[in-house]
Amino acid sequence: MSVKARRISGRLETVVPKPTYAFDPLDDDKIIRNRLLTRTTTTRGEPPLKKLQKKFTSFVLEVDKEEDNYNECSRLAKAFLQELTTFEIPLLKSQAVVEANIREKESFDEVKEETERQIRQAKGEIEELKKQLEESKVERQHKEECETIRKLISAQPPRSETEKVIYELKREIGELEAESTASWRLLELRKKQFALLLHVVDELQNTMEDEQKSLVDEIRTAVEDQRNTTEPMSVD
C-alpha cells in the first residue's frame, strides 16, 4: 500500500489510499465459518469432510455387497479410520484453540472487569479530588479574607490610643451635654423673665391707661365746676 501526499491551501496533507480486499469484508465471516465446518484452510482442493464422507460411503457400499470381500472391507475400514483420524486431529486442535480462546476471553473479561473497576475507582477519586479542590478554594478564599481583615486591623491604631480617643470623645460629649443643659435652663429662665416682663409691661400699660382716664375725668370735672361757678356771677 503506497502513501501519497498532496498540498491543500499551503499545507502538506498525507493521503492514505483505501485498502483493497480479495473478498468483501462482509463475506469474511461466512468464509471463515464455512472453512471451520469443512476443515479447509485454502479455497483449493477437496474439503476434508467431503473426503471423509467419500471414504465412509465407499466402506458402507463395500460392506453391503454380498461377496467375499473381507480384505477390501478391511482396507476401506482402515482408510476410513485413517481419514477419520486425520479429520479428528484438526478438530482436537480447534477444540484446544477454542478452549484457549475461552480461557483468554475469561482472562480478558477479568482484566476488563478490573479495568472498569479501576476506572470507577479513578472516577470516584477524581470526584473526591474535585470536592477537595473546591473545599481548598473556599478555605483559601477564607484565608485571604482573614488576611485582608488582619491587615486592616494592623493598619488601625493600638487599642490604648483608641480607648484614649474614645475617652476624650466621651468627655467632650459630656461637656457638650452639660453646656446644652445649662443653655436650655438659661433659655427657660430667659423665657420666664421675658414673660414676666411682658406681664409687667401689660400691667403698667393698663395702669397708665387708668391714670389717664382718671386725669381726664378730673379735668372734665374741674372744667364743669368752673363753668358752673361763673354762670351765677354773670346773672347778677
Side-chain angles (χ1 to χ4, degrees), residues 1-53 84-170:
M1 182 175 61
S2 61
V3 179
K4 298 181 181 179
R6 62 179 180 179
R7 188 174 296 277
I8 300 176
S9 301
R11 293 183 300 139
L12 187 63
E13 182 178 316
T14 303
V15 180
V16 181
K18 294 182 178 180
T20 56
Y21 301 95
F23 300 97
D24 189 352
L26 298 177
D27 295 334
D28 285 349
D29 292 340
K30 297 180 180 179
I31 295 172
I32 293 172
R33 187 181 298 107
N34 184 57
R35 288 180 180 178
L36 289 174
L37 291 174
T38 58
R39 304 305 307 162
T40 58
T41 57
T42 63
T43 56
R44 298 178 182 178
E46 190 175 13
L49 183 61
K50 193 170 184 180
K51 292 170 64 176
L52 181 64
Q53 183 181 3
L84 181 62
T85 302
T86 303
F87 185 79
E88 186 180 11
I89 291 174
L91 289 178
L92 295 175
K93 291 181 179 180
S94 298
Q95 184 178 1
V97 171
V98 169
E99 292 176 353
N101 289 336
I102 292 174
R103 290 193 299 271
E104 185 176 0
K105 183 178 180 300
E106 291 175 353
S107 176
F108 174 76
D109 291 338
E110 292 177 357
V111 173
K112 181 181 178 183
E113 184 178 355
E114 178 65 19
T115 304
E116 291 177 350
R117 186 190 65 79
Q118 293 178 358
I119 291 173
R120 291 192 299 269
Q121 182 179 357
K123 288 182 177 179
E125 292 176 355
I126 290 172
E127 293 297 327
E128 185 64 25
L129 291 174
K130 285 182 178 179
K131 293 180 180 179
Q132 294 179 3
L133 179 61
E134 292 297 327
E135 293 176 356
S136 299
K137 288 181 178 179
V138 174
E139 184 178 359
R140 181 178 179 182
Q141 183 178 0
H142 289 169
K143 288 182 179 180
E144 291 177 353
E145 292 175 354
C146 292
E147 182 66 19
T148 303
I149 295 172
R150 188 189 66 80
K151 290 180 179 180
L152 291 174
I153 294 173
S154 300
Q156 300 299 320
R159 183 174 180 179
S160 58
E161 295 183 3
T162 305
E163 290 179 350
K164 184 177 179 180
V165 172
I166 292 172
Y167 174 77
E168 291 295 331
L169 290 174
K170 287 183 177 180

**Heavy-atom neighbours of Gln132 CD exceed 12 at 6.0 Å** =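 Yes - once you tally the heavy atoms of other residues, nucleotides and ligands closer than 6.0 Å, there are more than 12.
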**Item:** CZ/Arg117: more than 12 non-hydrogen atoms of other groups inside 6.0 Å
**Value:**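 Yes, the 6.0 Å shell around CZ holds more than 12 heavy atoms from other groups.
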Give, for atom [atom1] of [X] and atom [atom2] of [Y], the distance between the pair rounded to the nearest 0.5 Å.
X	Y	atom1	atom2	result
Glu113	Glu106	CD	CD	12.0 Å
Glu135	Glu128	CD	CD	7.5 Å
Lys131	Glu127	NZ	CD	7.5 Å
Lys137	Leu133	NZ	CG	4.5 Å
Thr148	Ile153	OG1	CD1	11.0 Å
Ile102	Asp109	CD1	CG	11.5 Å

**Message:** Could you check whether Glu134 pairs with Lys130 (Lys NZ or Arg NE/NH1/NH2 to Asp/Glu carboxylate O, under 4.0 Å)?
**Reply:**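 Between Lys130 and Glu134 there is no salt bridge, as every charged N stays at least 4.0 Å from the carboxylate O atoms.
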**Item:** Sole residue of Glu139, Glu147, Glu145 in salt bridge (charged side-chain N to carboxylate O under 4.0 Å, His left out) with Lys143
**Value:** Glu139
**Prompt:** Ser154 and Arg150: side-chain contact (heavy atoms from CB on, under 4.5 Å), yes or no, with the steps?
**Reply:** CA-CA 6 Å; Ser154 300; Arg150 188 189 66 80; 3.8 Å; yes
**Candidate pair Glu114 and Glu110, rule side-chain contact (heavy atoms from CB on, under 4.5 Å), full reasoning** = CA-CA 6 Å; Glu114 178 65 19; Glu110 292 177 357; over 6 Å; no
**Prompt:** Hey, is the main chain of Arg103 close enough, under 3.5 Å, to the side chain of Ser107 for a donor-acceptor pair?
**Reply:** no
